[in-house]
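The structure under discussion appears below in the form of structure tokens.
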Amino acid sequence: MQKVRTRIAPSPTGDPHVGTAYIALFNRCFAQQHGGEFILRIEDTDQVRSSAKSEQDILNALKWLGLSWSEGPDIGGEFAPYRQSERSALYSAEILKLLESQHAFRCFCTAERLQDLRVKQMGEKSTIGYDGHCLQLSAEEVANKISRGEEHVIRMRIPEAGDCVFNDLLRGEIRIAWQQIDMQILIKSDGLPTYHFANVVDDHHMRISHVIRGEEWINSTPKHLLLYQYFGWEPPVYCHMPLLRNTDKSKLSKRKNPTSIGYYRDMGYLPEAVVNYLGMMGWTMPDGQEKFTLKEMTASFDLSRVSLGGPVFDVTKLDWLNGKYIRENLNDEQFANLFAEWAFKPEKVARIIPLLKERVERFTDVAPLAAFFFAGLPEIDATRFEHKKLSQEDSRKILQFILWQLEQLRGFDRDDIEAACLGLAETLNTKIRDLLFPLFVAISGKSTSTSVIDSISILGLDITRARIRYAISVLGGISNKEAKAFEKEFRELGQASDKQLTND
RNA sequence: GUCCCCUUCGUCUAGAGGCCUAGGACACCGGGUUUUCAUCCCGGCAACGGGGGUUCGAAACCCCCAGGGGACGCCA
């Protein structure tokens, strides 16, 4: 029997997501329970969106949770490198095989043509996908286009008829007609592989035996299986976990919920409680025990106990659990140490002190002034936002625009934030002090406080986002209609690139 | 629109045909302890989406419907 090897393969394109931790947890438990290995691979084939910072954040977040791995970009391993951007030669070599066997072909279609095609197919209510246009190109035509240096991609061929039938470890037989499957791009015009290709190649070369991933991948499994078949490789066992959900049951998203692991750390949750909570999403201990350690979960793990309904990630129960951990697991000394470590990080304190010093007359002034640096959500209501020039709607809009602006920032220094706010004030033709007013209330709970720009920089995006969103809800929330109008206006101000607002 | 997945209290879930008068936990409500509050303890509220089968017997198995979700990118 083949050794069990599982992996988590995050893409470093944003904040470390609780969904990543969730899938990592189950992969890790499964591997360890079978005496196998759990590895970490960074899928950074998207040159534009990937960043080193994001990769580091993800690694740190998973480490914080205690979800350690035995091979990865930080520690190496037998199948190094573990970063896809460093494995290009492998993909180039492998794609050649598919090109030679005619299982893949070069496609010179323009983005415009593909867009038109999609629109047309949408109108005809048919399956959306590539029409095989470039399949008709002769070998000479292809050679000519290549010698002329024409940009192109490489796509995989898909059977024209029949079904792809495969077995999901939890769901049993799944059958998808090949006609539903698109001729997936394997190599992008920048020469880098897409997820589908790199993922299969790496899973094979890294001897991954079980692919435990989110339900969102079910529909692309046929492509992956077909690649294994084309290569003549033995495919892994697939297992699709349910997706974590927002309260409204949609897929967990940043817009509706705090999804960043950093948020939970910054809000003062214990990593053990967060892991425990993730473990009870779709899974239970055989004896029904609700509070359990990672070690206990690993020891009693049984993948077949996963229930398939998408669990709502509802922090109420996490709050209760975290309180239980604090009360039952920490003695006074541990509590004091952990709290101090959480609250008084030297670099954080060093940045807060100068802000306080110029505003206090006695030490007794410190706590009330600085409390919001160590708090979660401020205690505010709509009256707090009353302002001679700004209506509630104005404030909502300003807060939403600032949030969008902050989310697009690369750096999070005070100067980055200041520039963003000044820029926004100018495009909105608002005085900066008026623009900042609702922000002061949202962040500090008061209209008078330490510099809100510095404060935001110290608090970080995760907490800032939560407070701004809370303030917006206190101000009555943004209706769907209003959201659309805001988005449109924000885009027209030239403050956003197309996808940034809607992406999770 | 096409395809795929899913469906037990508001939420997380137990349930592998009779142990189910459907159990536990969170939340909520009530009571007790506590100088207040919280903790803690006790109690209560509350669900098998609908319709057909199969069976002596169905929350569980099958079919249909409905609802929810996901996928349909030179993102992953």
Same-atom distance ([atom1]) from [N] to [M], integer angstrom:
| N | M | atom1 | result |
| --- | --- | --- | --- |
| B:rG70 | B:rG32 | P | 47 Å |
| B:rC62 | B:rU54 | P | 15 Å |
| B:rC42 | B:rU33 | C1' | 11 Å |
| B:rA59 | B:rG69 | C1' | 22 Å |
| B:rA47 | B:rU39 | P | 26 Å |
| B:rU7 | B:rC12 | C1' | 15 Å |
| B:rG50 | B:rA71 | P | 29 Å |
| B:rA14 | B:rG24 | C1' | 7 Å |

Atom NZ of A:Lys53 with >12 non-hydrogen neighbours under 6.0 angstrom
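At most 12 heavy atoms, drawn from other residues, nucleotides or ligands, come within 6.0 Å of this atom.
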Does a nitrogen or oxygen in the side chain of [X] sit under 4.0 Å from OP1 or OP2 of [N]?
| X | N | answer |
| --- | --- | --- |
| A:Lys251 | B:rA71 | yes |
| A:Lys188 | B:rC75 | yes |
| A:Thr316 | B:rU11 | no |

[X] side-chain proximity, nearest of [options]:
| X | options | answer |
| --- | --- | --- |
| A:Ile185 | B:rA76, B:rG69, B:rC74 | B:rC74 |
| A:Arg327 | B:rG1, B:rA71, B:rC40 | B:rC40 |
| A:Asp314 | B:rC75, B:rC3, B:rU11 | B:rU11 |
| A:Ile176 | B:rG70, B:rC4, B:rU11 | B:rC4 |
| A:Gln180 | B:rU2, B:rC12, B:rC75 | B:rU2 |
| A:Arg118 | B:rG1, B:rC74, B:rG69 | B:rC74 |
| A:Glu290 | B:rA25, B:rG70, B:rA76 | B:rA25 |
| A:Arg305 | B:rG15, B:rC3, B:rG69 | B:rG15 |

Could you check whether [X] gets within reach of a base, just the sugar-phosphate, or nothing at all, counting any heavy atom under 4.0 Å?
| X | value |
| --- | --- |
| A:Thr45 | sugar-phosphate |
| A:Glu215 | base |
| A:Gly288 | nothing |
| A:Val312 | sugar-phosphate |
| A:Leu243 | sugar-phosphate |
| A:Cys164 | nothing |

Return yes if the base of B:rC75 and the side-chain atoms of A:Arg49 contain a donor-acceptor N/O pair under 3.5 Å, otherwise no.
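Counting by modelled atom types and ignoring angles, a donor-acceptor contact under 3.5 Å is found here.
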Would you kindly check whether a donor in the side chain of A:Lys317 faces an acceptor in the base of B:rA27, or vice versa, at under 3.5 angstrom?
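Such a pair does not exist between side chain and base.
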A:Tyr130 ring centre to A:Arg155 NZ or CZ under 6.0 Å, with the angle to the axis within 45°?
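Flagged: A:Arg155 positioned over aromatic ring of A:Tyr130.
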When you measure from the centre of the six-membered ring of A:Tyr277, is the NZ or CZ of A:Lys317 under 6.0 Å away and within 45° of the axis?
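Not flagged: A:Lys317 not positioned over aromatic ring of A:Tyr277.
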Measure from the ring center of [X] to the ring center of [Y] and say whether it is less than 6.0 Å.
| X | Y | value |
| --- | --- | --- |
| A:Tyr325 | A:Phe292 | no |
| A:Phe490 | A:Trp404 | yes |
| A:His205 | A:Phe79 | no |
| A:His224 | A:Tyr228 | no |

Partner lookup for [N], please. Criteria are Watson-Crick or G-U wobble with both distances under 3.5 angstrom; report none if nothing qualifies.
| N | value |
| --- | --- |
| B:rU34 | none |
| B:rG18 | B:rC56 |
| B:rU2 | B:rA71 |
| B:rA66 | B:rU7 |
| B:rC28 | B:rG44 |

For atom [atom1] of [X] and atom [atom2] of [N], their distance in whole Å:
| X | N | atom1 | atom2 | value |
| --- | --- | --- | --- | --- |
| A:Arg213 | B:rG70 | CZ | C1' | 14 Å |
| A:Leu252 | B:rG68 | CG | C1' | 16 Å |
| A:Ile326 | B:rC40 | CD1 | P | 13 Å |
| A:Lys291 | B:rG24 | NZ | P | 21 Å |
| A:Asp190 | B:rG73 | CG | C1' | 14 Å |
| A:Asn246 | B:rU11 | CG | C1' | 14 Å |
| A:Gln121 | B:rC72 | CD | C1' | 10 Å |
| A:Phe166 | B:rC4 | CZ | P | 11 Å |

Among A:Arg465, A:Arg469, A:Arg255, whose salt bridge (Lys or Arg N to Asp or Glu O under 4.0 Å) with A:Glu407 holds?
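Among A:Arg465, A:Arg469, A:Arg255, the one meeting salt bridge (Lys or Arg N to Asp or Glu O under 4.0 Å) with A:Glu407 is A:Arg465.
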Heavy-atom nearest nucleotide on RNA chain B for A:Glu173 versus A:Ser304: which residue maps closer to 5'?
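Mapping each residue to its closest nucleotide by heavy atoms, the 5'-most match is A:Glu173.
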For A:Thr194 and for A:Asn219, find the nucleotide of RNA chain B with the closest heavy atom, then tell me which residue's nucleotide is more 5'.
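In this pair, the answer is A:Asn219.
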Mark yes or no for whether A:Asp168, through its side chain, and A:His240, through its backbone, hold a donor-acceptor pair below 3.5 Å.
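Looks like yes, one N/O pair under 3.5 Å.
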